[in-house]
Number of protein chains: 2
Amino acid sequence: MARKQGAYADITGPKVRATALRLIAQHGYAAVSMRQIAAQVGVQVGALYNYTADKQTLLFDLMHAHMVALLAAARDLPQHDTPMARLEDFTRFHIRFHLPRADAVFVSYMELRNLSPENFAQIEALRRQYEGILEAILAEGEAQGDFAVADTRVTTMALIGLLTGLHDWYRRDGRLSITEIETMYWGLVRKAVTA
Amino acid sequence: MARKQGAYADITGPKVRATALRLIAQHGYAAVSMRQIAAQVGVQVGALYNYTADKQTLLFDLMHAHMVALLAAARDLPQHDTPMARLEDFTRFHIRFHLPRADAVFVSYMELRNLSPENFAQIEALRRQYEGILEAILAEGEAQGDFAVADTRVTTMALIGLLTGLHDWYRRDGRLSITEIETMYWGLVRKAVTA
DNA sequence: GTCTATAGCGGGATAGAC
DNA sequence: GTCTATCCCGCTATAGAC
């Protein structure tokens, strides 16, 4: 304790990422300065560069970590027999995973423009993998005659849009619980894919 | 011709707005400089300030013009007898109005964070008016027993999200025509509000 | 690992000539 | 209405002491 050098390595790193995520979600990547991040972390700006090569890499790491966590969790979903049961699981999972991570969702979506081309390609590939999970469920349901889906790709993107749009208006202190909203959204999804 | 002073007033103004809209959609408000805008318009940076008080006002004007045009067009929709017919009109109108205005849609949605509080309040009010049009249709359909909507507000926001999500993946040179997409989306909306 | 100090650049906005 | 020139500020990133 009381020494200033080398003591906080394990705590400063996560704090930098958490602070950057919050500030970027609030003001946008381009509008947030390394100075601002440093000030809220409680270090001088030079110290940040012990934890990231540069500002761009910091943004990429935040988005990458979010996408990797999302994919890992989505792959752990149970493999029910019926596409309908799997679609319900996916819908509820998507909402439950994303709602408590509003900042990461916002950043991962809004800051794509500010990634370098190489970094963008990586994030985009992860995003497509996630969409692929839903598309596979829809394709199987269509093949088995459980769903009536005009176009698998369009419906996939439409449903992702429907679910993701939730973040634009959901408020934690709102009138409805997560479970209530989840059930309403599942109702919309179910009807949308049914004949 | 050939004179440099006073000749281009009528042309520079629209050009400034068009250029700013395009650049801000592409890179984000904070990432675009007045110097960049001026360069693409073909004037020096000082000249921009004949057309806007400052950068913030320029952003606000772009968003405000978009919302006003949207509301004016939405209010011109025909007043069919049945809520179902009005919902179809609204759905198709929303898509047809927004798809050709990708830049304005993007900016109006992504740059809300960068508005001053007073400007934000104004844009937000216009946005709520637009949502109100859809909500009124849903409420009437529910009251008449044509629709089975669990919660009018939630369904309104969900459908807006569904329709707006279209911009995230639609490409003009894609496999499907606007009309085909429009019809698929109308199918999803129709089923979502039906019992 | 963190600090202080600074290099080097680009930002928004304005003044005054034409 | 546009230009040139400039003020003043804040930015990212690095160097070198501790």
Could you tell me whether the phosphate oxygens of [N], OP1 or OP2, come under 4.0 Å of any side-chain nitrogen or oxygen in [X]?
| X | N | result |
| --- | --- | --- |
| A/Thr12 | C/dG1 | no |
| B/Tyr51 | D/dG1 | no |
| B/Gln44 | D/dT2 | no |

| query | Just checking A/Val32: base, sugar-phosphate only, or nothing, at a heavy-atom cut-off of under 4.0 Å? | reply | sugar-phosphate

Report the nucleotide, chosen from [options], that has the shortest atom-to-atom distance to any side-chain atom of [X].
| X | options | value |
| --- | --- | --- |
| B/Asn50 | D/dG1, C/dG12, D/dC3 | D/dG1 |
| B/Tyr49 | C/dG12, D/dC3, D/dT14 | C/dG12 |
| B/Val43 | C/dC3, D/dG1, D/dC3 | D/dC3 |
| B/Val45 | C/dA13, C/dT2, D/dC3 | C/dA13 |
| B/Arg35 | C/dG1, C/dG11, D/dC3 | C/dG11 |

| field | Residues touching DNA chain D, which here means a heavy atom under 4.0 Å, drawn from residues 53-61 of chain A | value | A/Asp54, A/Lys55

| Is the shortest distance from a Lys or Arg side-chain nitrogen in A/Arg86 or A/Glu140 to a carboxylate oxygen in the other one below 4.0 Å? | yes

| B/Glu88 bridged to B/Arg190 by N-O distance under 4.0 Å | no

Can you tell me the distance, in whole Å, between the [atom1] atom of [X] and the [atom2] atom of [N]?
| X | N | atom1 | atom2 | value |
| --- | --- | --- | --- | --- |
| B/Leu48 | C/dG11 | CG | C1' | 14 Å |
| B/Asn114 | C/dG12 | CG | P | 12 Å |
| B/Met34 | D/dC8 | CE | C1' | 17 Å |
| A/Tyr29 | D/dC11 | OH | P | 14 Å |

| query | Can you tell me if B/Gln44 and B/Arg35 form a side-chain donor-acceptor pair at under 3.5 Å? | reply | no

| query | Under a 4.5 Å cut-off applied to non-hydrogen side-chain atoms, are A/Arg92 and A/Trp186 in contact? | reply | yes

| query | Under 4.5 Å between any side-chain heavy atoms of A/His94 and A/Tyr185, yes or no? | reply | no

| field | Given DNA chain D, 5'-ward residue of the pair A/Ser33 and A/Gly46, judged by closest heavy atom | value | A/Ser33

| remark: Quick note, salt bridge (charged side-chain N to carboxylate O under 4.0 Å, His left out) partners involving residues 152-171 of chain A, not counting sequence neighbours, are A/Glu131-A/Arg153, A/Glu135-A/Arg153

| request: Look at the side-chain heavy atoms of Ile, Leu, Val, Met, Phe, Trp and Tyr, link any pair under 4.5 Å apart, and say whether A/Tyr109 and A/Ile133 land in one connected group. | output: no

